[in-house]
Structures are given as structure tokens and as C-alpha cells.
Engineer: 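Below is one structure. I have some questions about it.
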2 protein chains.
Amino acid sequence: MTNVTTAAADPTEPGTPAPTRQARGEQTRQLILETALRLFRERGYAETTMRAIAKEAGVAVGNAYYYFDSKEHLIQGFYDRNQDEMRVASVRVLADEKEFAARLRGVMHVGIDVNGPYHSFAATFFKYAAEPSSPLSPFSSASSPARDASIAIFRDVLDGSTVKLDPELRKELPELLWLGWMGVILFWVYDKSPDQRRTRRLIDGAVPLIDRMVSLSRLRVLRPALRQILALIESVRRDD
Amino acid sequence: MTNVTTAAADPTEPGTPAPTRQARGEQTRQLILETALRLFRERGYAETTMRAIAKEAGVAVGNAYYYFDSKEHLIQGFYDRNQDEMRVASVRVLADEKEFAARLRGVMHVGIDVNGPYHSFAATFFKYAAEPSSPLSPFSSASSPARDASIAIFRDVLDGSTVKLDPELRKELPELLWLGWMGVILFWVYDKSPDQRRTRRLIDGAVPLIDRMVSLSRLRVLRPALRQILALIESVRRDD
DNA sequence: CGCCTTTCTTGAACGTGTTCAACTATGTCG
DNA sequence: CGACATAGTTGAACACGTTCAAGAAAGGCG
């Protein structure tokens, strides 16, 4: 992309089917986002400057800020894309398997598969997601659609399985599994082992334990303990 | 971890205890650190510029960089100070109490007490600690002295108590408790309830559960499950 | 067509964290 | 003492993310 052209002064040709005004804007938006994500992948997040993104996309730097509030906001595009990829891949896994443990394990491995290629990239921008005030935080209200979608996957893991468990626990479990998944992601971000094998081992080791505990939730002897745990969750969730 | 260490080329002093040059440098270092932490508290981290710190301390901006590699590194001072404050306050709590659950609960509440005044400040710089490559990360090798000191507190919580538990678990528990404490801190950072009451409730609710599980670790029936958990930990810890 | 509004685009300018070559102060040694 | 080395200090300069006043392009409307 030789950048000698006067990008702005280029009049639209009278013969071409003119795109609508909105479509043109959306086109620029996509161009900037694609360029940014490509450069992030090629050079890393910190090493990619807004000037470089603008230059590579053939627009002015201010134009990027017309579509994205900040450099951080460009990450959201990556975020959404991966989220969706995990959802799609999960469907395939869940279609073939009816046992709870296998379903849970499958979904988690799929999640790591999907994110794997971006491990080093994810580690660098993880700090932005960690800031409580950031809209990128998985706990932020801005992320609540993505969060709900993710929890829905785990609800599907549970509801599509043959496992029997305490009804009270069943209500809470999808969110708890999502929370556990966030823990796995946290571990994964810090995992420096080749191909993040330790994270795989964590999943393979933790899933049977979770499966066991979920099954035991129906035992009458453990009822008081379960109640205590559920009460703790309820108490902590309370927002005062 | 008071780092009064001298430079590399350390000439053996001929007997005169007058390290005026070093003392002067250390004095400047402290001046910059104190000024920085004060401004962080007064204005917030992001709102405090390096220029403001330098000006307020009466030095050139480059001088701050002679003593601290970056603005982030100034946070380490805060970090160390609070760590030490928690350690000291823990000693008082642990002197009065012999029961495991009460000791654990006491130490955790002390930790929240100590950090309480800096909650909003902590939330803003938390992102720097979250970045895996950052020396501020609790899992980084640079933090290993602080980490070891923190784990030592939990070892004291355990060893000074009357609780009986499986010997294998006893070996691992201090580190596990520290990990749990990191989880509590994570929760606390995101806790927006007044005075972080939800974090208090989390501690009060989780400690009895931990206490119960620790005590049950001696039961022969649960031996296989315990082994499984310990094997998981061992497997995940393995660094390949 | 001419005029207006809205959408889109521009690039200079600002404040920031950080670097660095130059300089000063201080102690060391012949 | 005088030269030298080391520790400490300076502030201009750099690259960066971000802002903003100004303007261009596109469509609507008489």
C-alpha cells in the first residue's frame, strides 16, 4: 500500500455504485480495526503506535479516534471475535458428548485452543482487562453481554448433560463454572510453559474434581455444607 | 527488605563510618519516593506526573529516573510498605489466638484493614501488578521475597494453631492459603461496596469452610480425594 | 441549482513517560 | 595538591496517546 496518494482529495468516481454514507463510515471503521489487529499480531500491542495504524490504513490519526475512543478500545474487537469463536467451537464439542465432565473439559480445552495463538498478545493487554474501571474488565457492565454469552455456554454444558445434582446448586453452577473459567484464563495468562501445557493439566485435573463434587451435592449428609456454601455465595453477591 | 545496599564497586572502608556520598544518594531516593507516594495518595496515580513529583521534591525529572526505572517502579515502595505493615499487625493478632480459623480470619481482616485506606489507589495501579511480565506481579521472580514473606505469615497461622491435619496437606497449605489470599485481594480490588463489606463477608464465610475442609483432611475416607487434589497441585506446579 | 445539516476526515498541537549527553559534586589515589 | 573516577544531577529532546478546531464530503430540501 503505497501511501503517496492524497487519500482525502480523491473524488468518488461518478460511475461506481456509491455506497451509502453510513456504509462508508462502517467501511473505514472496519479498515482501521483490521489494520490495528493485524499490526498487534505482527508487532505486539505496545509496539504498535496509533500513528502506525493510521498510516498503514491510509487515514489520519484523528480518524481512528473518531471511531474508537482509545487504543484500548481497539482490543474490544479482538475480544468479541474470540468470544464468538469459542462459542461456535463449543457447539461442535457439545453435540457429541452427553457426560458432564467430558462436556466441561471439552469446552475448556476449546477455549484454550481458540486463544492459544494469541497467548503472548493476550498477556500484554491483559493488564487493561484487569483494571476494574476498564470496560474491558470481564466484570464490567460493558462486558455483561459477553459475560452472559459465556455463562450461557456453561449453562449449556450443564443442561445438556446427564448429571444429577442438587437443584439449588444447579441454579448457581453456570455462573460458578464461568468464574472457574476466569480462573483458568488467569492461570493461562501467567502460564509460561510450552504450549501452556500446565493449563491443560490444570483443566484435566480440576474437571474430575468438580464433577465429583457436583455429583456429591445430592447426598443428604453434605446438605448442610452445601447450604453453607450457597449462603456464602448469596451473602457475597449482595450489593451493600 | 530494606534495600540499603551499596553500589557494586564497594571499597572496604578504612574504619571511618562516614558514608556521606551514599547517604546523600539514599536521602534523595527517599525524598523522591515519599513525595511520589504522597502525591499518589492526594491526586491518584494516573493524575500524578513525573514532572510534578520532581518539581514537588525539588529535583530534576531525570533525577527520579536515576533512582527508579519507571513510574511503575515507584509503586513497589508502596507495595513493600504495606506488606510490612500487614506482617507487623499480624503478629499482634496471632499472639492472642490459638485456633486455626480465628487466626486465619484475623490475619485476613488485618490485611484488609491495612490496605483499606488505599482501596481506590490500589484499584488504579492494580493493572500494573496484573501484567505477567511486570516485576510488580505477585507471581514474578522480583516479588519472590515479598511472596515468601507473605507465605510465611500463613505458615505461622497454621503452625501456631492447634488444628490437626493431614501431614501432606500441611506442607502445601501455607502456599494454598496465600493463593486464596490473592483471590481475596482480587475480589477486594473489584469490590465497590461501602468499606468493602462484601470482602469482609467473603472472608467470614470462607474461613469456616476452609477450617472444616482442613480438619476433614485427616479422615481416612477422604484420603483418596485429598491425594487427588495434592496430585493435581503437584502436576500443575511442574514446570514443563 | 444553492444552501444547510450531518457525517466524516485532517494534521497540528498538547501533555505525558522516558532517554541521554552533558555537567557538577564528591571522594580516591599518586 | 592535582588528576581522575564515580556518583549524582540536569533539562532539553523524543515518541507516544490523545484532543480539537477546522474543513471536506455527502445527502436533504427549497
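Below, read A as the first sequence line, B as the second, and so on, with proteins coming before strands; counting in each chain starts at 1.
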Engineer: Five pairs per end, C1' atoms only: what is the angle between the end axes of the helix from C:dC1-D:dG30 to C:dG30-D:dC1, to 10 degrees?
Structural biologist: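 The helix from C:dC1-D:dG30 to C:dG30-D:dC1 shows an end-to-end axis angle of 20°.
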Engineer: What residues, two or more places apart in sequence or in another chain, satisfy salt bridge (charged side-chain N to carboxylate O under 4.0 Å, His left out) together with A:Arg38?
Structural biologist: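 A:Glu42, A:Glu56.
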Engineer: Is the A:His119 ring parallel, tilted or perpendicular to the A:Trp188 ring (thresholds 30°, 60°)?
Structural biologist: perpendicular
Engineer: Produce the list of close N/O pairs, under 3.5 Å, pairing protein atoms with atoms of nucleotides 11-13 of chain C; give distances to one decimal.
Structural biologist:
none

Engineer: Check this one for me: any side-chain N or O of A:Tyr65 less than 4.0 Å away from OP1 or OP2 of D:dT19?
Structural biologist: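 No, A:Tyr65 has no side-chain N/O under 4.0 Å of OP1/OP2 on D:dT19.
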Engineer: With a 4.0 Å limit, can you tell me whether B:Thr49 has a side-chain N or O closer than that to the phosphate oxygens OP1/OP2 of C:dG15?
Structural biologist: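 Answer no for this pair, as no side-chain N or O of B:Thr49 is under 4.0 Å from OP1 or OP2.
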Engineer: To the nearest angstrom, how far is B:Met50 atom CE from C:dT19 atom C1'?
Structural biologist: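 Taking CE of B:Met50 and C1' of C:dT19, I get 12 Å after rounding.
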Engineer: Does OP1 or OP2 of C:dC8 have a side-chain N or O of A:Tyr66 closer than 4.0 Å?
Structural biologist: yes
Engineer: Near DNA chain D, under 4.0 Å by heavy atom, which residues of residues 67-74 of chain A?
Structural biologist: A:Ser70, A:Lys71
Engineer: Report the distance from atom CD1 of B:Ile53 to atom P of C:dT18, rounded to the nearest whole Å.
Structural biologist: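 Rounded to the whole Å, the gap is 10 Å.
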Engineer: Does the side chain of A:Leu37 come within less than 4.5 Å of A:Ile75's, by heavy atoms?
Structural biologist: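 No, their side chains stay 4.5 Å or more apart.
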Engineer: Please report the distance, rounded to the nearest Å, between CZ in B:Arg29 and P in D:dA7.
Structural biologist: 15 Å
Engineer: Among A:Lys192, A:Arg198, A:Arg197, which one satisfies salt bridge (Lys or Arg N to Asp or Glu O under 4.0 Å) with B:Asp239?
Structural biologist: A:Arg198
Engineer: Rounded to whole Å, how long is the line connecting atom CZ of A:Arg43 with atom C1' of D:dC16?
Structural biologist: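 Atom CZ in A:Arg43 sits about 14 Å away from atom C1' in D:dC16.
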Engineer: Establish, with yes or no, whether the OP1 or OP2 oxygen of D:dT9 is under 4.0 angstrom from a side-chain nitrogen or oxygen of B:Thr28.
Structural biologist: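 Affirmative; the distance criterion is met.
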Engineer: Measure from NZ or CZ of B:Lys71 to the centre of the six-membered ring of B:Phe40 and say whether it is under 6.0 Å with the direction within 45° of the ring axis.
Structural biologist: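 Here B:Lys71 fails the 6.0 Å and 45° test against B:Phe40.
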Engineer: List the atom pairs, donor and acceptor, that lie under 3.5 Å between side-chain atoms in residues 175-183 of chain B and the rest of the protein, sequence neighbours left out.
Structural biologist:
residue  : atom : partner  : partner atom : Å
B:Glu175 : OE1  : B:Arg237 : NH1          : 3.2
B:Glu175 : OE2  : B:Arg237 : NH1          : 3.1

Engineer: Nearest-Å distance, NZ (A:Lys55) to P (C:dT10)?
Structural biologist: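 For the pair A:Lys55 NZ and C:dT10 P, the rounded distance is 14 Å.
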Engineer: Side chains of A:Ser137 and A:Ser134: any donor to acceptor distance under 3.5 Å?
Structural biologist: no
Engineer: If I take atom CD1 in residue B:Ile75 and atom P in nucleotide C:dG17, what distance separates them, rounded to the nearest angstrom?
Structural biologist: 12 Å
Engineer: Considering the options B:Tyr79, B:Tyr45, B:Phe78, which one meets the ring pair (Phe, Tyr, Trp, His ring centres under 6.0 Å) requirement together with B:Tyr118?
Structural biologist: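 Single ring pair (Phe, Tyr, Trp, His ring centres under 6.0 Å) partner of B:Tyr118 among B:Tyr79, B:Tyr45, B:Phe78: B:Phe78.
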Engineer: Under 3.5 Å, is there a donor-acceptor pair linking the side chains of B:Ser143 and B:Ser140?
Structural biologist: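 Yes.
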Engineer: Would you mind writing out the side-chain donor-acceptor pairs for residues 149-157 of chain A within the sub-3.5 Å range, not counting sequence neighbours?
Structural biologist:
none

Engineer: Any chance you could measure B:Asp191, atom CG, to B:Ile112, atom CD1, to the nearest 0.5 Å?
Structural biologist: 8.5 Å
